[in-house]
Amino acid sequence: MKVSELFDVSGYGVIVTGGASGIGLGYVEALAENGARVTLLDRDAGRVSEETGRLQAAGLDVQGRVVDVTDHPALDAAFDESAARYGRLDVVFANAGIDSGPGFLGRWFGTDRGRPAEGALENYTDERWNRTIEINLNGVFATVRAAARHMKPRRSGRIIVTTSVAAIRVEPAVGAAYMAAKAACHHLVHNVAMELAMHNITVNAIAPGLFVTNIGGGHLKNPELQKVFAQAVPMQRVGFPDDIHGLALFLASPASGYVTGQQIAIDGGYVLGSAD
Ligand SMILES: NC(=O)c1ccc[n+]([C@@H]2O[C@H](COP(=O)([O-])OP(=O)(O)OC[C@H]3O[C@@H](n4cnc5c(N)ncnc54)[C@H](O)[C@@H]3O)[C@@H](O)[C@H]2O)c1
């Protein structure tokens, strides 16, 4: 067998949460362009219809559904619908996530706004904490659970969670709830990978570094800011959703069949520290 055949995902049934933008949209494109049938679930109705229409017009087998991952019954129903349409569910990306607002430091790659009062622990609101955990952790739990319900009876599947380099190192400008949620997702991946291993289901995490997406209002779309952020990255550039395609295809395909419980950072060396 040619090694390239190990990356064949044609005919696969795939679900991506938060698939209408950024990194999730990168997963959708990577899989659909390689012959998979993909359903993107996202709470942003405008983007769901815009991106689904664009990809369908390009001839790709992509469906979109407006679903909020905090609504677990709606999430379960969307999984049931997609699995029924495809007659199989091979790959699930648990990716939907939000920025949690200011952390305790305002200093963030060259900008220094001092320490923002709302990021300080004593002022951190329950509302902000709970909302971040509800989406970035509980939403991942509900997505992984729904995936397992469909994959276990078939004794096959790939679950891929988008964590963050924030699961490895503290990003003090990003905020406590985000750090806690991403680190928890990382260890959740360990637990679920171990549980599902005997069912031939692999569970891994992708930990992106600094990527240009719509997160946090899309602040990193500013080219000047990209240059500043790039100074913290040994490869001297920020990441773009296209950078995620190869890793997504690897973890979704037979090529990674004996890899489970791993978190792979995709960050141009950012977690290693800053170079020159
Ligand atoms: N951009 C980065 O630098 C970076 C770095 C590390 C990790 N991440 C993670 O990558 C994932 C994707 O983020 P992104 O940067 O592509 O951001 P993005 O804002 O471009 O895309 C996130 C998508 O998720 C959707 N979403 C948010 N909350 C949702 C909910 N409750 N239910 C359903 N959909 C929801 C949004 O509508 C959006 O379409 C997140 O988990 C994020 O934490 C991003």
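All values below were derived from every heavy atom in this structure, side-chain atoms included, with hydrogens, water molecules and symmetry-related copies excluded. Whatever order the structure lists them in is the order used to number ligands and atoms, beginning at 1.
- With 3.5 Å as the limit, one finds a donor-acceptor pair spanning the side chains of Thr39 and Ser82.
- A continuous path of Ile, Leu, Val, Met, Phe, Trp and Tyr side chains, each step under 4.5 Å between heavy atoms, connects Phe250 with Val3, placing both in one hydrophobic cluster.
- Closest non-hydrogen pair, Asn95 versus Tyr27, comes out as OD1-CE1, 3.5 Å.
- In this structure, the salt bridge (charged side-chain N to carboxylate O under 4.0 Å, His left out) partners of Lys227, at least two apart in sequence or on a different chain, are Glu224.
- Side-chain contact between Leu210 and Asp267 is absent, with no heavy atoms from C-beta onward closer than 4.5 Å.
- Protein residues with any heavy atom under 4.0 Å from ligand 1: Gly18, Ser21, Gly22, Ile23, Asp42, Arg43, Asp44, Val67, Asp68, Val69, Asn95, Ala96, Gly97, Ile98, Ile135, Thr162, Thr163, Ser164, Tyr178, Lys182, Pro208, Gly209, Leu210, Phe211, Thr213, Asn214, Ile215.
- A cation-pi contact links Arg169 to Tyr270, judged by a cut-off of 6.0 Å to the six-membered ring centre and 45° from its axis.
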